[in-house]
Amino acid sequence: QVQLVESGGGVVQPGESLRLSCTASGFPFSSYGMHWVRQAPGKGLEWVAFIRSDETGNFYADSVKGRFFVSRENSRDTMFLQMHYLRPEDTAVYYCAKGDSGTYYGHSEHWGQGTLVTVSS
Amino acid sequence: DVQMTQSPSTLSASVGDRVTITCRASQSVSVWLAWYQQKPGKAPKLLIYKASTLQSGVSSRFSGSASGTEFTLTISNLQPDDFATYYCQQYYTSPTFGQGTKVEIK
């Protein structure tokens with residue numbers, strides 16, 4: 001069955017960097033685009049980034065553009081989110097989610113359990 | 001960015017009720033809209049995609065419809081397991097979510 005496992009969350013100070021990982025299993029990872037979605041404590045869902053299956057396109061929410069970078073290693077069935085210049089408002093649970101095609105955003109049937117990132121001095 | 005305006009933000013209902021949640025898009029998103037259910041501490045669960053297609057394994061008490069830029073999620077015969085928060089999401093352009101609707105017990 002499809003499994004997505006996020007890791008790498010933790011507590012960092014404002015201005016620092018952090019890299020999240022999402023390891024996939026149970027489906028042909030190299031055939032699907034992948035999303036990062038976050039949820040601040042007690043708040044709603046916010047889409048963060050999307051990467052196409054073949055890395056020909058990366059797309060970002062305006063709130064993270066220029067600070068966050070999504071990448072993937074299809075040989076390792078893993079997606080990454082490199083986060084720089086972190087701000088307190090980036091504090092959230094970060095979910096990875098599988099898209100429904102290789103190219104387009106699509107809906108997400110499968111989600112990870114999330115990893116918590118806390119940005120605080 | 002496409003703004004998704006979801007209403008109501010909170011809905012009080014009883015077991016057996018029929019409830020309706022609405023999302024309005026700030027511009028056309030065609031049929032590229034999904035509905036998710038989320039319970040505290042859990043990842044979202046896909047209910048409906050492409051505005052009205054029921055995700056496999058999801059109860060037929062859930063249904064979705066669309067009229068222009070207005071989208072509706074209807075839950076019929078509300079069950080105890082349905083008390084949760086529901087989100088719409090457009091994926092026609094850079095995805096955006098509605099603000100969420102918490103369905104609580106009256």
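Naming: A, B, ... by sequence-line order, numbering from 1 per chain. Note that the structure is predicted; figures quoted are calculated from it, not measured. Just the heavy atoms: all of them, side chains too, but no hydrogens, waters or symmetry mates, feed the values below.
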Taking B/L11 as the starting point, is it possible to reach B/I48 by hopping between hydrophobic residues whose side chains are less than 4.5 Å apart?
yes
Looking at chain A, which one of B/G98, B/P95, B/A34, B/G100 has the largest number of heavy-atom pairs inside 4.5 Å, strictly under?
B/P95
Does one hydrophobic cluster hold both A/M83 and A/V37, with members joined at side-chain heavy-atom distances below 4.5 Å?
no
Check the hydrophobic clustering (I, L, V, M, F, W, Y; side-chain heavy atoms under 4.5 Å; chains of links allowed) and say if A/V70 and A/Y85 are grouped together.
no
Output the donor-acceptor atom pairs between chain A and chain B under 3.5 Å, with atom names and distances to 0.1 Å.
unit_1 : atom_1 : unit_2 : atom_2 : d
A/Q39  : OE1    : B/Q38  : NE2    : 2.8
A/Q39  : NE2    : B/Q38  : OE1    : 2.9
A/Q39  : NE2    : B/Y87  : OH     : 3.4
A/Y95  : OH     : B/K42  : O      : 3.3
A/Y105 : OH     : B/S94  : OG     : 3.3
A/S108 : N      : B/Y36  : OH     : 3.0
A/E109 : OE1    : B/Q55  : NE2    : 3.4
A/E109 : OE2    : B/Q55  : NE2    : 2.9

Return the minimal non-hydrogen interatomic distance between A/G112 and B/A43, and the atom names on each side.
O-CB, 3.3 Å
Answer yes if A/M34 and A/F80 sit in the same cluster of Ile, Leu, Val, Met, Phe, Trp and Tyr residues linked by side chain heavy atoms under 4.5 Å apart, and no otherwise.
no
May I ask whether A/V5 and A/M79 are part of the same hydrophobic cluster, defined by side-chain heavy atoms of I, L, V, M, F, W, Y residues being less than 4.5 angstrom apart, directly or through others?
no
Is A/V93 in contact with chain B via its backbone, its side chain, both, or neither, using a 4.5 Å heavy-atom distance?
neither
Could you look at B/P40 and say if it's the side chain, the backbone, both or neither that has a heavy atom under 4.5 Å from chain A?
neither
